[in-house]
Amino acid sequence: MSVKPPQQRIVITGFMCAGKTTVAKALARRLSCRMIDLDYIIAEMEKRTAGSIIDEEGEAKFREAETQALRVILENNTARIIALGGGAWTIPQNRALIREHDILTIWLDAPFELCWQRVLSDAEMRPLARDHTRARKLFDERRALYLLADLHIPVSDSQSPDATAEEIVGKLPGFNQ
Ligand code: S3P
């Protein structure tokens, strides 16, 4: 059964391959609202994927495009749910932008090995997670920043995206009242 959309917009963050886009889609279905994927918008604006931009022009150039795309979404897009790329929330300027728009932030906390296995099998190139050591280091460094999100949702391989979405709905402020 679908329910009334939330008043507040929602941002979903978490490490690469934590399931942000999939859960954002499930949540959008559950809340009968629209979702948007930041990396998808970057790819549309830049005419190539996030991974290609990093690979061809470096991370700094990608982060510029990412902040620009985030600003466009926050200011012009009415989708209630925004799935970020894994690094977007770690950039102070992006967190400030998200806070300015009074958006509820949700951290999908997936275990490293689950993310890593998905990175290995996913078709999308992730230049910042080229090997296990580098990916693990990034994962550990970012945890403290993901912890700054408003809601913390642990996820596991055995839990379906729909179940995770349901859990999020149960934790939305003022929702089931
Ligand atoms: C990145 C995550 C990727 C993509 C880019 C950089 C990161 O998105 O934005 O490769 O810094 O963690 P996913 O989180 O969807 O893999």
Side-chain angles (χ1 to χ4, degrees), residues 5-110 115-116 118-131 134-135 138-139 141-142 145-146 148-151 153 155 161 164-165 168:
Q7 298 301 311
Q8 203 177 10
R9 282 197 284 175
I10 295 170
V11 147
I12 300 193
T13 185
F15 199 67
M16 290 174 241
C17 291
K20 299 178 292 294
T21 304
T22 317
V23 169
K25 285 180 181 166
L27 188 59
R29 275 196 305 274
R30 176 67 176 75
L31 297 175
S32 307
C33 62
R34 288 190 306 110
M35 65 75 69
I36 195 162
D37 184 88
L38 177 59
D39 279 343
Y40 177 82
I41 298 300
I42 296 169
E44 292 240 300
M45 288 169 68
E46 297 288 320
K47 309 279 177 262
R48 59 205 155 136
T49 64
S52 309
I53 302 170
I54 297 174
D55 205 39
E56 291 161 16
E57 297 201 46
E59 185 179 352
K61 163 75 190 158
F62 170 71
R63 295 300 170 204
E64 274 174 36
E66 184 176 56
T67 298
Q68 201 188 336
L70 179 63
R71 198 183 289 277
V72 167
I73 290 178
L74 295 178
E75 289 172 4
N76 303 312
N77 196 288
T78 55
R80 288 269 167 87
I81 300 170
I82 303 161
L84 300 182
W89 177 252
T90 69
I91 306 298
Q93 193 185 356
N94 297 342
R95 290 202 300 279
L97 271 175
I98 290 166
R99 295 287 189 219
E100 268 170 39
H101 284 80
D102 189 31
I103 293 176
L104 182 80
T105 50
I106 296 178
W107 169 31
L108 286 192
D109 179 14
C115 296
W116 176 244
R118 289 178 180 168
V119 166
L120 288 181
S121 58
D122 201 89
E124 174 77 34
M125 172 178 39
R126 288 180 175 81
L128 300 182
R130 270 198 211 289
D131 60 69
R134 193 169 170 195
L138 208 52
F139 182 91
E141 285 168 359
R142 287 178 173 179
L145 297 169
Y146 292 137
L148 299 173
D150 301 315
L151 291 184
I153 304 286
V155 294
T164 303
I168 291 172

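Quick caveat, the model's predicted, so the values are computed rather than measured. All residue numbers in this chain count up from 1 along the given sequence.
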Atom pair [atom1]/[atom2] of [X] and [Y] - distance to nearest 0.5 Å:
X	Y	atom1	atom2	value
I103	I81	CD1	CD1	11.5 Å
I98	T105	CD1	OG1	7.5 Å
I36	I73	CD1	CD1	4.5 Å
I12	T164	CD1	OG1	9.5 Å
D37	T21	CG	OG1	3.5 Å
T67	I91	OG1	CD1	6.5 Å

Quick check: do [X] and [Y] have side-chain heavy atoms less than 4.5 Å from each other?
X	Y	answer
K61	E46	yes
T49	D39	no
I53	E66	no
L31	R80	no
L74	E100	no
M35	R29	no

Of all the heavy-atom pairs spanning [X] and [Y], show the shortest one and how long it is.
X	Y	answer
V155	A18	CG2-O, 3.9 Å
A50	F62	CB-CE1, 3.4 Å
T13	K20	C-CD, 3.5 Å
D150	R99	OD1-NH1, 3.3 Å
P161	A26	O-CB, 3.7 Å

Would you confirm whether [X], through its side chain, and [Y], through its main-chain N or O, come within 3.5 Å as a donor-acceptor pair?
X	Y	result
Y146	G86	yes
Q8	D102	yes
W107	L148	no
R118	C17	yes

I'd like to know whether L84 forms a side-chain contact (heavy atoms from CB on, under 4.5 Å) with L70, so could you lay out the CA-CA distance, the side-chain angles of the two residues, the decisive distance to 0.1 Å, and finally the verdict. CA-CA 9 Å; L84 300 182; L70 179 63; 4.0 Å; yes

Aromatic ring pairing F15/F139, orientation class (parallel under 30°, perpendicular over 60°, tilted between):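 Perpendicular: the ring planes of F15 and F139 meet at over 60°.
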
Taking only Lys NZ, Arg NE, NH1 and NH2, and the carboxylate oxygens of Asp or Glu, determine whether D55 and R48 approach each other closer than 4.0 Å.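 Salt bridge absent between D55 and R48.
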
From CA spacing to verdict: side-chain contact (heavy atoms from CB on, under 4.5 Å), V72, M45: CA-CA 10 Å; V72 167; M45 288 169 68; 4.2 Å; yes

Show, in sequence, the C-alpha distance, side-chain angles and deciding distance for N94 and R63, and conclude whether the side-chain contact (heavy atoms from CB on, under 4.5 Å) test is met. CA-CA 10 Å; N94 297 342; R63 295 300 170 204; 5.8 Å; no

CA sep, side-chain torsions, deciding dist, call: L128, M16, side-chain contact (heavy atoms from CB on, under 4.5 Å): CA-CA 9 Å; L128 300 182; M16 290 174 241; 4.0 Å; yes

Does a sphere of radius 6.0 Å around CZ in R130 hold more than 12 heavy atoms from other residues, nucleotides or ligands, not counting ones at 6.0 Å or beyond? yes

